[in-house]
K.L.:
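Got a structure here, written out as structure tokens. Questions coming.
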Amino acid sequence: MKQKIFIIAGLVLLVIVIVIMVRDLFSSKKEDQKNPYDYKLNELKKTAGKQIAYNEALSFRTGLEEIHAIACGAGDRIFVGGSKGVEIFEKDGKPAGKFGFEGFASSLAMDKKGDFFIGMQDHVEVYSPEGKLLKKWNGISPESFLTSIAVSDSFVFVADYGKRAVYRYDHEGRLINRIGEKDPEKKVPGFIVPSPYFDLAIRYNHELWVANTGRHSMEQFSYDGTMNSAWGEASMAIDGFCGCCNPSHFAFLHDGSFVTSEKGIERVKIYSPKGEFKCIVAPPSAFTEGTRGLDLAVDSRDRIIVLDPERKQVRIFVKK
Amino acid sequence: MDKSRTSYPVSRTLYFVHRIIPGLLFLLLPLITLPIQRFPKPEFESAYTQPQTFIPTPRAEFLAYLDVFVLLISLGVVTWLVLKKRSRLWVFFMSLFSLAYFGFYREGCVCSIGSIQNVSLALFDHSFILPLSVLAFFLLPLIFTLFFGRTFCASVCPFGAIQDLVAFKPQPLGSRLNTVLGIIPYLYLGLAVLFAATGTDFIICRYDPFVGIFRFNASFGMFLFTGILLLSGVFIARPYCRFLCPYGVLLNWTSRFSLRHLSITPAECIQCRLCESSCPYDAIDYPVTDKSPESRPVMVRKMMILTLLVPFLVLIFGYAGSRMQDTLAGVDARVKLAKEVMALSRIQDAGYGMQDESFEIKAYKASGKTESQVYSEASAVLKKFYFGGWLFGGFTGLVIALLIAGRMLPVYRKDYVTNKGRCFSCARCTDYCPIKS
Amino acid sequence: MPGRREFLNTLMRGGILAALGLLSGAVIFRSRDEKSCSYGFDCSGCSRSKSCMLPAALEARQMVWQLDMTKCIQCGRCATNCVMSPSAVKCTHAFAMCGYCDLCGGYFKPGTKTLTTAAENQLCPTNALKRKFIEDPFFEYTIDEELCIGCGKCVKGCGAFGNGSLQLQVRHDRCKNCNECSIARSCPAQAFTRVPANKPSLLRGLGPELPKETAKKNQANG
């Protein structure tokens, strides 16, 4: 009798073991979906709807493998630069041509004639409006990574993330001076650029602005390198620049207002010419999580053109 | 609060970074790397030097071959203890050594039982590299068993050793129960090979009951699982080895043809019946002498039934296995993902908004894979499980048919002998035999 | 009768031996594949010719588990699903990629106003990430591995705002190298792979390995 009880006990336990195994193996229950260590950004990504003053009017895909730079030219044509070429679109998104080259267009700008100045990672190449290579400027440094380029009537300004410097060239590619390096006498704090987003632009055709992302500030320089003014505040809140280093890109409306884009909390916003927060163009919910490199351009009608490298789209926002 | 302490803690890691790493640099040379140009480091003006990222090296590779060497020596020693010395005590001591080395020191990985899966996967997926040491863990016990019986089970395998320690009240189960429960390892083996070969899962490792003990580290559920199995092992000696172990199936069949094998008595059996209840594993076959030989027509009929039964069962079970395709493939992560993606697109098609996405869906979206890529991967897996299901089912049918055959055919045995397939060569019975030489 | 039995046994033994031999031969032969080359696709720096026919299995490489950060989505399962507790997966800092930011997305809780090392500002649940002032405006971040549980919270923060220099990696001084990694099984991104033990790291941003020549030279000098 005792023996029987022992056998039955042993067998029952063995059967329990087997049942546990089989049930666990073939159960269709999902893995635990709770992350006790979740990083919660969603609260910060919430935006007040009434602050959003723009609507997405149009979006279209580009054909380039990787896209990195956008610019807007005569007739509000849109130019997209990226790996191995530049694509051209009409203002309504219809393809209007393209041209190719070896290499990777990390930045892009046009002069009045329509010639392209293209930052090819470590040097600048100049192309005719038809896409013919006109001139190849000297390489700057093997560490260089040209993240932004702007053309005024007489000068070409280039932002180099790798060397953390801004260069002023003439249209022929002769270096005139370097701007923005740390200089206590001129009260220049120096650029802090932790990640490869370093933008510059020209306002009213003479004011050079550079995004000093690590300091979360927009800085205005004279052509000789004196810093005239700066504004900007580090904050996750909607009126500041979030994360380690923002804004990643910016552009100007015709009244001199700043259009800025950020990574981390993906958002496009407008600041007044003096740097006061005005409104939201596109809230974080408009972008795929993790999108970075939202290059910006503005056309003659103040439409805001956003390059979305994650969705490989050009997205155009207009005022409500 | 002391602010300086919270601001600049000198942690052990830092100590390691500053003091020990320079010493290790020499060893780590292949791991030292150059920063890529996309992330130039800040221009420090102070004398700050950027620390090197410390990358710990895995266990030295030669140690894996040391393990193989220890396995080989252990097998040799145990075989000698079982066949020549015939000493249960020494075999027991040897099992303590194995428990210490393969169990607690090596923490149970990689073991011969699990190596079945590595071999299966390597056979079907040639991007999977099978280290030679793992192949050796798979082959050596089998080769030893082929010549000397299951001395590996006696006291080299740490699983057997740990179960032997708790077998306080082993009960005889009777031959019928032994046969029926004995089917489970075949099913386990079939499933393990199927899941390993399809790259789905290593289920032997997933349900390894003892690894938590060897590591002193497991979840509560795992310890509970181990506890139940060990508790069952108090009454049913070595339940894992007898009724679960898939490697045991291979050892069982190789052992049947072994050149030499542990015998209860070193000389002629005197039918004293002292060994009768000595085996906790029911691995001693009693003499069968009183059955009168069956008549010829009965034999012929039995043979005919069997020749029909074998293909019939193989086909029936094979078909059933192929019908289990979905259930079996449902274990595979690729198939699970495809199901989730399908459900998601159905919800979206129906016009419902986003629900809380699972991590699997988030990862799928982040990976940039298209829906059709996910589906085609899953359907390739499903196809494998269709053939796999046939093979698994057919194998099960064959096993059952052979077991039936084994019970139908007459046996004749004069003496008490060890069952060469089931015997673990633990040498307990030799202590009971009055004949010593 | 016993004679016939013996003969059959011998025959079966031979058969089983042959089968085992064939099986191992097949397994070794099948590993003769470029993809399973333990130098990992890259034939430069390999002394053998490109049309290498030596079965990879014969290279006798041990394989270890590693986490591919390009697939990782920081779900937190590395912290909870390892057979070890705390997990053998830890945050590893690729200093070469770090921006030394003041406002570090991996160090501070989102929305932190004052950038101090006060405990309530820290994102890390175990305060394993340490911040040290270097010079204006740079801060160095290091990981106290004893405290790190591999949850990936800082990794996500760093990746969202910064360069992604904080990365999760299997630390092989802790990893038991289970035959099947239990995190790998539950990883939603299938980011765990087996890598050759001589190249155990999949840390990003440390650039290409030094060419063998340079390594040798350094070795001679150092």
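In what follows, chains are A, B, ... by sequence order, proteins preceding strands, each numbered from 1.
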K.L.:
Determine the option with the most heavy-atom pairs under 4.5 angstrom with chain A, choosing from B/R206, B/K336, B/K339.
P.N.:
B/R206

K.L.:
Is A/E289 close to B/K362 at the side-chain level, that is, under 4.5 Å between some pair of heavy atoms?
P.N.:
no

K.L.:
How about OH on B/Y386, more than 12 heavy atoms from neighbouring residues, nucleotides or ligands closer than 6.0 Å, or not?
P.N.:
no

K.L.:
Considering only heavy atoms, which portion of B/P209 lies under 4.5 Å from any heavy atom of chain A: side chain, backbone, both, or neither?
P.N.:
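B/P209 has no heavy atom closer than 4.5 Å to chain A.
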
K.L.:
Go through B/P172, B/G233, B/G368, B/P239 and name the one with the most non-hydrogen pairs under 4.5 angstrom from chain A.
P.N.:
B/P172

K.L.:
Just so I know, are the side chains of A/I20 and B/I228 near enough to count as touching, which here means a heavy-atom distance under 4.5 Å?
P.N.:
yes

K.L.:
Using every non-hydrogen atom in the two residues, find where B/Y207 and A/M21 come nearest and quote the distance to one decimal.
P.N.:
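For B/Y207 versus A/M21, the nearest heavy atoms are OH-O, 3.6 Å.
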
K.L.:
How close do B/F195 and A/L25 get, counting heavy atoms only, and between which atoms?
P.N.:
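For B/F195 and A/L25, the tightest heavy-atom pair comes out as CE1-CD2, 3.8 Å.
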
K.L.:
Please determine whether the number of non-hydrogen atoms from other residues, nucleotides or ligands lying under 6.0 Å from atom CZ of A/R311 exceeds 12.
P.N.:
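Enclosed: over 12 neighbouring heavy atoms sit under 6.0 Å from CZ of A/R311.
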
K.L.:
Over all heavy atoms of both residues, which pair between A/L13 and B/S232 is shortest? Give the atoms and the distance, please.
P.N.:
CB-CB, 3.3 Å

K.L.:
For A/F6 and B/F235, take the angle between the two ring planes, folded into 0 to 90°, and tell me which bin it lands in: parallel under 30, tilted 30 to 60, perpendicular over 60.
P.N.:
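The rings of A/F6 and B/F235 lie parallel, inter-plane angle below 30°.
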
K.L.:
For B/L244, is it the side chain, the backbone, both or neither that has a heavy atom under 4.5 Å from a heavy atom of chain A?
P.N.:
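Looking at B/L244, just its side chain touches chain A.
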
K.L.:
Using non-hydrogen atoms and a 4.5 Å limit, figure out which bit of B/Y240 sits close to chain A: side chain, backbone, both or neither.
P.N.:
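Neither part, no heavy atoms under 4.5 Å.
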
K.L.:
Please name the pair of heavy atoms, one in B/F243 and one in A/L14, separated by the smallest distance, quoted to 0.1 Å.
P.N.:
CD1-CD2, 3.7 Å

K.L.:
With a 4.5 Å cut-off on side-chain heavy atoms, are A/L11 and B/L177 touching?
P.N.:
yes

K.L.:
Around A/E65, counting heavy atoms of other residues, nucleotides and ligands shown, do more than 12 lie under 6.0 Å from its CD?
P.N.:
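Counting other residues, nucleotides and ligands, CD of A/E65 stays at 12 neighbours or fewer.
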
K.L.:
For the atom pair CG (B/L229) and CD1 (A/I16), what is the distance rounded to the nearest 0.5 Å?
P.N.:
11.0 Å

K.L.:
Once rounded to the nearest 0.5 Å, what's the spacing between atom CD1 of A/I5 and atom CD of B/Q171?
P.N.:
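Spacing of CD1 (A/I5) from CD (B/Q171) equals 10.5 Å.
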
K.L.:
Answer with side chain, backbone, both or neither: which region of A/K182 has an atom nearer than 4.5 Å to a non-hydrogen atom of chain B?
P.N.:
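Answer is side chain: those atoms of A/K182 sit under 4.5 Å from chain B.
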
K.L.:
Contact part of B/I203 toward chain A, heavy-atom cut-off under 4.5 Å: side chain, backbone, both or neither?
P.N.:
side chain

